[in-house]
Amino acid sequence: MFTHFTPAQHAVHYPADRRLYIGLRKEVWYIICLTVVIFFGAAWLQYLIQGLPADPSAKLLNNSKGSSGFPWWVVLCHWVNFFFLILLIRSGLSVLADHPRLYWNNSCRPGTEWLRFTPVNVPPGKLWTAKEDARYLSPMIGLPGYKHTVGVARHWHFISVPFFLLNGVVFIILLFLTDHWQRIVPVSWSIIPDAWSVFVYYATFNMPIEPNGYFHYNALQQLSYFAIVFLFAPLAMLSGMAMSPAIENRFHWLPKLFINRQGARSVHFLVMLGYLAFTLVHVFMVAATGLKRNMNHITLGTDDAADPMGMYFGGAILMFVIAFCFFAHWVSWRKPRFLQRLAAFINGNLWLHSINKLKPKSYFEKKDITPYFWSNGKIPESKVWNALAEGDFKDYKLKIGGLVEHQVELSLEDLKALAKEQNITMHHCIQGWSGIAEWGGIPIRKLVDLVKPHDSVQTVVFYSYGEGLYGGVYYDTHTLDNCLKPASILAWEMNYAPLPVQYGAPLRLRIENQLGYKLVKWIERIEFVESHTTVGKGYGGKNEDDEYFDLIANS
Ligand SMILES: Nc1nc2c(c(=O)[nH]1)N[C@H]1C(S)=C(S)[C@@H](COP(=O)(O)O)O[C@H]1N2
Ligand SMILES: [Mo]
């Protein structure tokens, strides 16, 4: 059919344990229940004591002033928005499944999540990597779904973002260039009591007066459309941006708007839930208040209560979106390189010329260091590394070569004698977790000065003693430019102690405007080259080669 897994791929993407488990903290349950009780309780109380309030929509009846129906651009923007929203939500869920826990703290210690989608309790006293913790997601729900598909899921997500945004900007510009804004932007505070009155009707199973939606919305409808455009969309954008390592490290105030980076991640999820809830209620109301007429409004732009054409049109659009989801599934498994290239063409270029240029600043203090730090990667199994580890890395020599004037081999003592810098920074894993630690080591800039790369060098390759998830040497590449940024170091120290084995002993990389997978641990050697295309399979690193991750990982 759409996927042809080898037995090895089958084991990875289709694991034995595929239970879906949703664990919500007790306190959050209480808050949700309390909110529902308060709102519905107040509505019922008012209804039982005072009866139904005066219907605020009464004044809108037979009023077609100040509104020009549904112009073609509203119709177009609405459906374009719908299309990309589906892609964003489905791919976003796939990304979430890769670290199925949501927190309000930067430490991400298992057990402190307010919501989790995994039945697994992290076993104490055993190395349980974040990759092991990833969950299976049905491809019916996620794009592309299955386990360990965060690379491809991100491509769908980030390719959609610019189009979703552009569509939103076009919509808002046209909204204010025409009189259409009056339909969704409230101009009086009376919208709040009016919306409440409408809510009392719905909550007590009464239907309020239905103004002709071709000209006017009722107060609650107007308020919710306003919130979707002017509250949810900006929140989605800001919380999304706040998760980027390049942005977190330069504009620390942005994640702080959401308490911290994990708060931003949680808000990003909650906004998605908001969109989802809105869509369900919206579709229900469209059907409940005159499906034919409403569908004519939003597909043909006509106000006709009998013509079934709008319904057929809407159905056709829905079929197209569903068909596209199948197509997207096929592309994800059969043409993932195409997706990776498309993402590089669109976002790789966008990021390279914008956020990748930002220089990391230091913000965090000793008190911010997180007590927990997830881990990823296979600890090296090679004889050479094991022998070095047994000798406490006294015989370790970092080899630096490639297109340089002076090839060198440096022991840890040599490196320590050259220079040392200490930074307290946040680690951003592509899966979604974070952690803050102090890292001590040598600025890469010092090594560049020492070996003097040729003018043609653009890229630096870091090879590990360890292997990738699917076998073969783990490596990654960085632009020389990023290696020279502030806080780009080779670290031998973590939290004021020698780097533990699990975290990359004897030497690991820290380049703070990039995601975790680019920060190679257990470094064996460094090579200066002209381009990443001549290394490995040519996509810039082990994960880039095998899992279609981005070459530049700013977000
Ligand atoms: N050699 C090697 N380095 C690696 C990896 C790996 O699998 N092998 N995983 C990367 C990923 S995905 C992350 S998130 C970080 C994790 O670093 P930590 O264990 O210090 O948290 O290491 C990166 N470096
Ligand atoms: Mo990672």
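The analysis underlying the following values was restricted to heavy atoms, covering all of them including side chains, and did not include hydrogens, waters or symmetry mates. Position 1 is the first residue of the sequence, and the numbers go up from there. Predicted model, so just to flag it, every value in this text is computed and none were measured. Every number for a ligand or one of its atoms is a count from 1 in the order of the listing.
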In a simple table, one pair per line, please give the protein and ligand 1 atom names for every N or O pair closer than 3.5 Å, along with the distance.
{"unit_1": "ligand 1", "atom_1": "1 (N)", "unit_2": "Ser464", "atom_2": "OG", "d": "2.9"}
{"unit_1": "ligand 1", "atom_1": "1 (N)", "unit_2": "Lys521", "atom_2": "O", "d": "3.2"}
{"unit_1": "ligand 1", "atom_1": "3 (N)", "unit_2": "Lys521", "atom_2": "N", "d": "3.0"}
{"unit_1": "ligand 1", "atom_1": "17 (O)", "unit_2": "Arg508", "atom_2": "NH2", "d": "3.4"}
{"unit_1": "ligand 1", "atom_1": "19 (O)", "unit_2": "Ser375", "atom_2": "OG", "d": "2.9"}
{"unit_1": "ligand 1", "atom_1": "19 (O)", "unit_2": "Asn376", "atom_2": "N", "d": "3.2"}
{"unit_1": "ligand 1", "atom_1": "19 (O)", "unit_2": "Lys521", "atom_2": "NZ", "d": "2.4"}
{"unit_1": "ligand 1", "atom_1": "20 (O)", "unit_2": "Arg508", "atom_2": "NH1", "d": "2.5"}
{"unit_1": "ligand 1", "atom_1": "21 (O)", "unit_2": "Trp374", "atom_2": "O", "d": "2.7"}
{"unit_1": "ligand 1", "atom_1": "24 (N)", "unit_2": "Leu519", "atom_2": "O", "d": "2.9"}

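- Within the structure, the ring-ring contact (aromatic ring centres under 6.0 Å, His included) test picks out the following pairs touching residues 342-366 (sequence neighbours left out): Phe158-Trp351, His252-Tyr363, His252-Phe364.
- To the nearest 0.5 Å, the span separating NZ on Lys147 from CG on Asp98 amounts to 9.0 Å.
- From Phe163, atom CZ reaches atom CG of Leu87 across 11.0 Å, with rounding to the nearest 0.5 Å.
- Two rings, from Trp433 and His427, have their centers less than 6.0 Å apart.
- Checked against the 6.0 Å centroid criterion, the rings of Tyr146 and Phe5 qualify as a close aromatic pair.
- Here the side chain of Glu530 pairs no donor or acceptor atom with the backbone of Ser456 at under 3.5 angstrom.
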